[in-house]
Amino acid sequence: MPMAVDVDGVSKTYVTDGVKTPALNAVSLSVGEAEFVGICGPSGSGKSTLLSLIGGLERPDRGQITVFGQDLGALSDSQLIDFRKRHIGFVFQDFYFLEVLSVRKNVALPLRLRRLSRRQIRDSVDTALDLVGLGHVADKRTRYLSGGEKQRAAIARAFIANPGLIICDEPTGQLDRVNARQVLDLLRALSDRGTTVVMVTHDLVAADACDRVILLDKGRVEPAPRQQAHA
Ligand SMILES: Nc1ncnc2c1ncn2[C@@H]1O[C@H](COP(=O)(O)OP(=O)(O)OP(=O)(O)O)[C@@H](O)[C@H]1O
């Protein structure tokens with residue numbers, strides 16, 4: 001399977017007011033193209049740090065992160081921003097919507113950097129909103145959406161520019177069972193059509209929806225549990 005993400009010997013320590021907090025320690029892992037991978041582990045184990053390093057939002061102290069064959073460490077800050085815009089979609093718990101704008105305008109934002117006509121943007125946004133079941137609220141301001149609707153709008157915004165990789169931090173964390181299922185089904189559909197999905201989650205149902213789960217503990221990857229031999 002071709003690899004979408006390669007993390008090789010990555011360490012990260014935060015330093016705040018002279019206090020060092022190790023977050024990741026010699027982490028190595030790979031995620032295949034179109035794989036849907038969950039990252040689980042106790043609070044403080046380094047899940048969000050790993051996600052932001054893979055997403056190129058932060059840089060590691062040591063080690064190498066390669067996304068679709070590109071060593072992120074070899075890119076300047078502006079090249080990294082450009083790489084993120086072209087290849088990575090983000091779904092965070094805080095939605096970072098421009099709340100005074102409509103759902104349609106928020107979802108269209110990643111397309112504004114592309115040379116597309118208004119008509120092409122409108123068609124893409126309509127298709128994306130239909131896919132996440134939000135066509136009927138396209139002209140509402142995002143501040144008036146429910147939690148589940150906001151999460152689905154965030155997913156539409158993450159995939160509208162067709163990135164190869166989508167990373168999500170607790171996308172079902174604040175949702176009831178029905179809305180969580182819808183979000184997981186959407187992420188599965190994206191993976192089925194070739195998008196790589198990496199998702200941090202505490203939720204067992206969400207973890208169960210993944211092709212594979214990577215366990216972190218105290219900044220290290222836990223070895224995958226061995227298959228139990230049945231008597
Ligand atoms: N910006 C930061 N500055 C200082 N320390 C940080 C920062 N971000 C994370 N940390 C620390 O790094 C460690 C790993 O944090 P991280 O947020 O990656 O864990 P997590 O597994 O995502 O936790 P949670 O499940 O609670 O969100 C923790 O000890 C945390 O306090």
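All values below were derived from every heavy atom in this structure, side-chain atoms included, with hydrogens, water molecules and symmetry-related copies excluded. Order of listing sets the numbers, starting from 1, for every ligand and every atom in it. Keep in mind it's a predicted model, so treat the numbers as computed, not measured.
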State whether E35 and R212 are salt-bridged, where the test is any N-O pair (Lys NZ or Arg NE/NH1/NH2 against Asp/Glu carboxylate O) under 4.0 Å.
yes

Go through the structure and list residues passing ring pair (Phe, Tyr, Trp, His ring centres under 6.0 Å) with F36, not counting sequence neighbours.
none

At less than 4.0 angstrom from any atom of ligand 1, which residues have a non-hydrogen atom? List them by chain and residue number.
Y14, T16, T21, A23, P42, S43, G44, S45, G46, K47, S48, T49, H202

Name all pairs fulfilling the side chain to side chain donor-acceptor pair (under 3.5 Å) condition that reach into residues 20-29, sequence neighbours left out, sorted by first residue then second.
none

Is the shortest side-chain N to carboxylate O distance from D8 to R62 below 4.0 Å?
no

Answer yes when K105 and D139 have at least one side-chain N-carboxylate O distance shorter than 4.0 Å, and no when they do not.
no

Can you name the residues that form a ring pair (Phe, Tyr, Trp, His ring centres under 6.0 Å) with Y14, not counting sequence neighbours?
none

